[in-house]
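This report refers to the structure that appears directly beneath it.
Residue numbering restarts at 1 for every chain, and letters A, B, ... go by the order of the sequence lines. In what follows, every heavy atom counts, from backbone to side chain, and hydrogens, waters and symmetry copies are set aside.
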Amino acid sequence: MAYRAEPPDGGWGWMVVLSAFFQSALVFGVLRSFGVFFVEFVAAFEEPAARVSWIASIGIAVQQFGSPVGSVLSTKFGPRPVVMTGGILAALGMLLASFATSLTHLYLSIGLLSGSGWALTFTPTLACLSRYFSRRRSLATGLALTGVGLSSFAFAPLFQWLLNHYAWRGALLLVSALSLHLVACGALLRPLSLAEDPVVGGPGAQITSLLCHGPFLRYTIAITLINTGYFIPYVHLVAHLRDLGWDPLPAAFLLSVAAISDLVGRVASGWLGDAVPGPVARLLMLWTTLTGVILALYPVAEVPTGLVALTVAYGFTSGALTPVAFSVLPELVGTGKIYCGLGLVQMVESIGGLLGAPLSGKGNRISRWAMAAVFYHAGGGGEGN
Amino acid sequence: MMTEYSNLSLESHNLSVTAAPITSLPVEEEMMTKAAPITSLPVQEEMKTKAVPIISLPVQEEMTTKYSNLTLESHSISMTAMPMKENNKGNQICVDRGIMLQRNVTLERPNMPAEKNITLERPSNVELTCQFTPSGNLNAVNVTWKKGDKLLEDNYLVNATGSILYTQYRVAVINSKQMGSYSCFFGEKKQQRGTFNLKVPEINGKNKPLITYVGDTVVLICKCQDCLPLNWTWYSGNGSVQVPIGVPVNDKYVISGKHANETRLKITQLSEDDQGTYWCHAIFELGESEGHVELVVLSYLVPLKAFCAIAAEVVLLVAIILLFEMYTQKKKKPSDDGKEIEQGEQLKLDDSNGIENSGPRHRKNESVGQ
């Protein structure tokens with residue numbers, strides 16, 4: 001195979017963007033909309049909501065901790081077979097879940113099996129995307145990640161419709177069929193050989209070299225801190241609004257508004273990241289600092305217009321930092337080591353994500369926002385180095 | 001009649017057809033609800049002679065003689081034929097042998113039909129009061145009570161205080177015959193009407209159909225918010241016919257209930273025949289109330305067919321993608337070598353072009369220079 005000196009920055013790369021778009025939809029969109037199923041599970045298995053929500057937690061944890069496995073395998077075999085296998089595993093998990101007789105059954109099938117399937121799909125795909133683009137990397141990543149937001153919009157009503165017509169067993173069966181499309185997405189990931197590949201060596205060598213790489217480690221810690229703060233606002237926004245006397249429907253509507261501005265932020269930031277010369281890390285610092293400031297303002301804002309404005313701004317900035325965060329990594333470690341690098345980052349940042357929500361639950365209304373703001377600033381500051 | 005039901009709880013319901021201040025009420029009420037020491041009678045008579053002739057005073061006396069351990073409830077609605085005045089909210093405290101009766105007067109906009117739904121679970125004494133402020137002369141108002149369409153002859157009082165006309169109807173509700181709609185009518189220029197609807201508590205089934213699969217087990221639940229029915233029964237409905245579900249039908253149907261205010265029907269070994277509407281009846285002393293749950297039984301083939309269709313589509317997509325890739329690669333491979341040769345030639349051509357080009361340019365410059 002001929003080794004390319006430079007990533008193609010187009011051509012088949014756009015098909016990879018398409019594939020990544022659908023994959024982020026099918027992985028994170030499904031995860032985010034799964035709450036619709038929880039109500040049914042609570043009734044069907046007569047278990048409290050807290051225990052049922054563990055299904056999603058286990059799934060997310062397995063997906064993130066399993067990322068290095070996905071990375072290692074795709075370094076060795078290329079992303080295509082790994083992602084296709086991941087798709088089959090994810091679909092199989094949902095299929096088995098439709099026959100569940102107890103909650104433990106669901107923990108294992110959706111949490112463990114589908115979770116590992118997702119671990120094998122998401123990370124290799126984003127890494128593959130980074131290899132296909134260099135000049136337009138941020139834009140490509142931003143576009144691909146819009147899949148998450150759009151699918152959350154589409155899947156929640158879709159899942160509810162499925163539940164109304166097929167009950168949860170039939171609905172899970174059809175979600176499994178939906179997840180099979182991950183296999184088709186995997187097929188789109190044509191292997192690409194870049195000039196750096198023979199130099200960096202196999203996965204083992206890559207990981208050891210990464211772990212000794214100063215900037216990489218700082219980046220990982222920064223991303224972890226950001227991730228710790230990332231979920232806090234989403235988890236607590238509705239409660240915060242209700243505390244201030246909002247009705248449930250306008251509060252939910254505001255969340256949708258945040259999701260839309262998140263989407264816009266992702267694409268805009270992606271475009272900006274490519275248009276502005278110089279290291280992308282500066283943009284990451286910009287967005288994280290802005291997000292931190294906005295979050296710090298939340299306890300102060302009581303007026304509805306102020307809250308709406310803050311939420312739109314928050315959605316925009318937090319969406320904006322995602323593609324940039326992913327784009328910084330190839331600059332740090334090079335496209336050769338991108339699979340392993342991304343896998344390691346995902347694994348470590350998941351610790352932050354897991355801790356963030358429960359930690360914030362302990363504080364009161366105001367301290368939560370302060371905590372989130374602190375995490376963002378810390379992450380941004382660390383990134384600036 | 002009334003004396004026999006002294007051990008029943010008293011329910012007092014007021015429908016005020018007025019907005020006038022009712023500061024005089026406490027005295028009036030105390031008179032009306034007091035247990036019947038004859039000593040109060042002269043005062044009562046005195047008060048009542050001022051107003052429209054009283055009907056059935058003795059009955060009232062008899063009824064009030066025998067309460068014991070009453071739980072009292074009162075509600076009131078006011079409406080008026082006149083424009084509403086301000087500050088018509090008031091709390092009055094009435095006392096009946098040491099039991100505090102708190103009456104909250106709530107007001108509604110004028111010209112709205114005054115109707116009140118009263119939920120009764122257990123037999124009780126019910127007291128319905130209508131207040132009316134006529135625009136003209138009190139004595140010109142004709143007061144009547146009706147149950148449904150039937151005119152009621154006795155068991156009610158009419159009273160007046162100041163410019164407000166009161167009428168009160170008492171009934172001991174012991175079985176379903178006394179339930180229904182009671183209306184007070186004030187005949188002035190335009191007839192004003194207040195209605196009390198006595199109903200048994202409502203049962204909640206489920207609004208959305210319940211979807212299950214063949215061979216599954218399902219639990220149908222009917223709940224009542226704040227009531228405790230005496231008994232529950234289940235019926236399955238096919239069309240408009242309701243067939244009772246008897247418990248000892250193998251193990252297929254199991255009726256249970258964790259609390260008294262709910263009932264659960266567990267159906268095992270579902271088949272497509274079990275599809276349809278199920279009715280749960282709650283039996284009270286005062287009547288029956290029902291709720292319904294709709295059950296849909298699907299076969300596993302229904303979602304399975306959809307699954308297979310989508311899976312086939314995915315396989316097709318993958319095949320198309322891979323075939324397309326193989327096709328483009330085949331096209332590339334033979335021309336790849338050709339391309340490399342071409343590129344080499346191109347480079348040579350470029351070089352020679354450069355030399356050639358530089359030549360003419362050079363010559364041109366020389367010619368220009370000359």
Side-chain angles (χ1 to χ4, degrees), chain A residues 1-2 11-12 15-16 18-19 22-23 26 39-40 43-46 78 80-81 83-85 87-88 90-92 94-101 158 160-192, chain B residues 206-221 223 256 258 262 264 266 270 275 293-329 331-333 335-337 339-340 343:
Chain A
M1 257 189 296
W12 191 254
M15 296 302 280
V16 178
L18 191 71
S19 163
F22 282 114
Q23 284 195 44
L26 287 170
V39 182
E40 300 289 319
F45 295 106
E46 295 185 336
R80 177 182 274 165
V83 176
M84 289 176 81
T85 317
I88 294 180
L92 192 65
M94 291 282 173
L95 182 71
L96 290 177
S98 71
F99 295 109
T101 47
L158 177 68
Q160 190 59 53
W161 184 88
L162 284 177
L163 283 171
N164 287 344
H165 280 82
Y166 294 101
W168 63 270
R169 288 190 195 271
L172 276 177
L173 200 63
L174 292 175
V175 173
S176 162
L178 197 65
S179 301
L180 269 182
H181 286 90
L182 284 170
V183 181
C185 292
L188 281 172
L189 301 177
R190 270 195 208 167
L192 192 66
Chain B
K206 211 164 184 194
N207 294 328
K208 285 194 304 189
L210 214 63
I211 306 197
T212 50
Y213 289 94
V214 174
D216 256 359
T217 304
V218 71
V219 177
L220 308 176
I221 306 179
K223 266 194 220 175
S256 61
K258 279 190 196 159
E262 71 176 20
R264 289 162 183 251
K266 182 160 133 176
L270 280 168
Q275 197 163 266
V293 181
E294 202 186 317
L295 189 68
V296 174
V297 182
L298 296 173
S299 151
Y300 259 117
L301 288 179
V302 175
L304 202 63
K305 277 192 216 163
F307 176 83
C308 291
I310 299 178
E313 174 234 331
V314 173
V315 171
L316 197 65
L317 271 178
V318 175
I320 292 176
I321 294 170
L322 292 176
L323 284 173
F324 177 72
E325 185 166 326
M326 285 197 322
Y327 178 66
T328 46
Q329 282 203 343
K331 270 181 82 178
K332 260 193 186 171
K333 270 207 177 130
S335 56
D336 254 349
D337 306 323
K339 258 194 185 164
E340 283 177 11
Q343 278 184 354

Quick one, [X] and [Y] - any side-chain contact, counting heavy atoms below 4.5 Å?
| X | Y | value |
| --- | --- | --- |
| B:Val318 | A:Val183 | yes |
| B:Leu298 | A:His165 | no |
| A:Glu46 | B:Val219 | no |
| A:Leu173 | B:Leu304 | yes |

Inset, instruction - Go through B:Val314, B:Ile310, B:Val218, B:Val296 and name the one with the most non-hydrogen pairs under 4.5 angstrom from chain A. - result: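 Ranked by contacts with chain A, first place is B:Val314.
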Legend entry - Over 12 non-hydrogen atoms of neighbours within 6.0 angstrom of CZ in A:Phe22: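 Atom CZ in A:Phe22 is not crowded, with 12 or fewer foreign heavy atoms closer than 6.0 Å.
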Inset, instruction - Identify which of A:Met84, A:Met15, A:Arg80 forms the greatest number of heavy-atom pairs closer than 4.5 Å to chain B. - result: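 Option with the top pair count is A:Arg80.
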Inset, instruction - Identify the heavy atoms of B:Pro303 and A:Gly170 that sit nearest to each other, and give their distance. - result: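 Heavy-atom minimum between the residues: CB-CA, 3.9 Å.
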Legend entry - Nearest heavy-atom neighbours spanning A:Ala187 and B:Glu325: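 Result for this residue pair: O-OE1, 4.4 Å.
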Inset, instruction - Evaluate the side-chain contact (heavy atoms from CB on, under 4.5 Å) criterion for residues A:His181 and B:Leu317: first the C-alpha distance (whole Å), next the side-chain angles of each, then the deciding distance (0.1 Å), finally the verdict. - result: CA-CA 9 Å; A:His181 286 90; B:Leu317 271 178; 4.2 Å; yes
For [X], is it the side chain, the backbone, both or neither that has a heavy atom under 4.5 Å from a heavy atom of chain B?
| X | value |
| --- | --- |
| A:Glu40 | neither |
| A:Trp168 | neither |
| A:Leu162 | neither |

Inset, instruction - Look up atom CG in A:Leu188 and atom CZ in B:Phe324, then write down how far apart they are to the nearest 0.5 Å. - result: 10.5 Å
Inset, instruction - Kindly compute the distance separating SG (A:Cys185) from CD1 (B:Ile321), expressed to the nearest 0.5 Å. - result: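 Going from SG on A:Cys185 over to CD1 on B:Ile321, the span is 7.5 Å.
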Legend entry - Toward chain A: residues of residues 210-217 of chain B with heavy atoms under 4.5 Å: B:Ile211, B:Tyr213, B:Asp216
Inset, instruction - May I ask you to decide if the ring planes of A:Phe99 and B:Tyr300 are parallel, tilted or perpendicular, using 30° and 60° as cut-offs? - result: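 The arrangement is tilted - the two ring planes meet at 30° to 60°.
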